[in-house]
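Fair warning: this is a prediction, and the values are worked out from it, not measured in the lab.
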Amino acid sequence: MVAAVGKVVIAIIVVVILRWGWKLLNWAWLNPKKLEKSLREQGYKGNSYKLLKGDLIELATMVKEVRSKPMPISHDISSHVLPYDHHIFNKYGKKTYIWFGPTPRVYVADPELIKEILSRPNEFQRPQHEPLRDSVIGGLVVSEGHKWAKHRHIINPAFHLESIKVASFLGFLFVDGLEK
């Protein structure tokens with residue numbers, strides 16, 4: 001009797017370990033490769049998935065390298081501010097993706113696709129909420145639904161042409177006062 005109970009317990013433990021192993025394999029390898037295949041079928045280009053790290057090491061290396069050099073004086077700051085994104089767009093074009101660990105981040109710079117995405121907000125959802133990020137950023141950027149509409153309604157008058165003219169005029173007066 002005790003041996004039978006022991007065998008059942010061992011069988012349950014083996015099943016649990018196999019299930020966890022399968023979930024880990026699916027999360028770390030199978031699902032990212034399936035997503036990569038799907039993205040490539042839709043015409044997106046990017047680096048192949050690298051187990052767990054994705055493009056993070058290349059991204060960090062490139063950012064560190066660029067930040068160690070002084071920023072050139074020019075209006076083209078994208079290569080200094082977002083060096084990896086700039087590199088990826090130059091290498092793969094307007095429809096590309098990069099890997100943040102096992103999660104792809106899709107970039108779209110084609111105006112027609114952007115128009116289509118913005119015209120169908122229910123089909124193209126924002127990324128899942130991250131409580132730490134949302135508490136730091138907050139506001140219109142991370143809000144959705146009723147809360148987004150309320151925030152948008154509150155800040156909308158600030159972007160009317162008259163408000164912008166007044167703000168720029170006050171800015172000129174302030175700068176003028178500082179120079180005197």
Side-chain angles (χ1 to χ4, degrees), residues 31-32 35-36 38-39 42-47 53-180:
N31 194 36
L35 287 170
E36 180 180 359
S38 176
L39 287 168
Q42 294 175 34
Y44 289 88
K45 298 175 186 169
N47 294 331
K53 62 181 181 175
D55 292 330
L56 290 175
I57 293 175
E58 293 173 32
L59 186 144
T61 305
M62 195 172 287
V63 167
K64 186 177 180 182
E65 179 184 312
V66 167
R67 300 281 161 86
S68 67
K69 300 174 187 172
M71 186 172 166
I73 299 175
S74 108
H75 290 291
D76 183 23
I77 64 168
S78 64
S79 61
H80 189 78
V81 176
L82 299 168
Y84 195 71
D85 299 357
H86 181 74
H87 164 72
I88 289 295
F89 275 122
N90 286 339
K91 186 174 179 181
Y92 294 114
K94 293 183 175 187
K95 289 175 58 176
T96 186
Y97 60 90
I98 62 174
W99 290 98
F100 274 76
T103 307
R105 179 176 284 181
V106 177
Y107 291 103
V108 178
D110 181 24
E112 291 302 316
L113 274 175
I114 293 171
K115 191 182 294 184
E116 183 178 341
I117 290 168
L118 293 175
S119 69
R120 300 184 336 201
N122 292 335
E123 292 181 37
F124 297 96
Q125 298 293 319
R126 293 181 183 184
Q128 294 176 348
H129 294 289
E130 296 176 23
L132 180 62
R133 179 199 67 197
D134 294 351
S135 66
V136 173
I137 297 173
L140 192 64
V141 176
V142 295
S143 301
E144 290 188 39
H146 177 70
K147 188 175 180 183
W148 178 86
K150 182 179 176 183
H151 280 262
R152 171 76 181 183
H153 181 72
I154 291 169
I155 69 165
N156 198 30
F159 294 100
H160 289 318
L161 187 58
E162 290 301 317
S163 299
I164 293 172
K165 285 180 183 178
V166 169
S168 64
F169 178 71
L170 292 174
F172 287 130
L173 288 177
F174 179 72
V175 170
D176 216 23
L178 287 177
E179 290 175 352
K180 290 181 182 178

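- Annotation: side chain to side chain contact (heavy atoms under 4.5 Å, CB included) contacts of Leu56 (sequence neighbours excluded): Phe100.
- The shortest non-hydrogen separation linking Val108 to Leu113 is CG1-CB, 3.6 Å.
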What side-chain donor-acceptor pairs closer than 3.5 Å can you find for residues 58-73, not counting sequence neighbours?
residue: Glu58; atom: OE1; partner: Tyr84; partner atom: OH; Å: 3.2
residue: Glu58; atom: OE2; partner: Lys50; partner atom: NZ; Å: 2.9
residue: Thr61; atom: OG1; partner: Ile57; partner atom: O; Å: 2.7
residue: Arg67; atom: NH2; partner: Val81; partner atom: O; Å: 2.8
residue: Ser68; atom: OG; partner: Glu65; partner atom: O; Å: 2.6

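- Between Gln42 and Ser38, some side-chain heavy-atom pair lies under the 4.5 Å cut-off.
- Every side chain to side chain contact (heavy atoms under 4.5 Å, CB included) that Tyr92 has, sequence neighbours left out, goes to Lys45, Asn47, Ile88, Thr96.
- Under the rule for a side-chain hydrogen bond (donor to acceptor under 3.5 Å, both in side chains), Thr103 has no partner lying at least two apart in sequence or in another chain.
- In terms of the side chain to side chain contact (heavy atoms under 4.5 Å, CB included) criterion, residue partners of Leu82 (sequence neighbours excluded) are, by chain and number, Asp85.
- Residue pairs meeting the salt bridge (Lys or Arg N to Asp or Glu O under 4.0 Å) criterion with at least one member in residues 93-118, sequence neighbours excluded: Glu116-Arg120.
- Heavy-atom neighbours of Ile117 CD1 from other residues, nucleotides or ligands within 6.0 Å: above the threshold of 12.
- Residues satisfying the side chain to side chain contact (heavy atoms under 4.5 Å, CB included) criterion with Asn90, sequence neighbours excluded, are His86.
- In terms of the ring pair (Phe, Tyr, Trp, His ring centres under 6.0 Å) criterion, residue partners of Tyr107 (sequence neighbours excluded) are, by chain and number, Phe89.
- Of all the heavy atoms in Pro104 and Trp99, the pair that sits closest is CD-CZ3, 3.4 Å.
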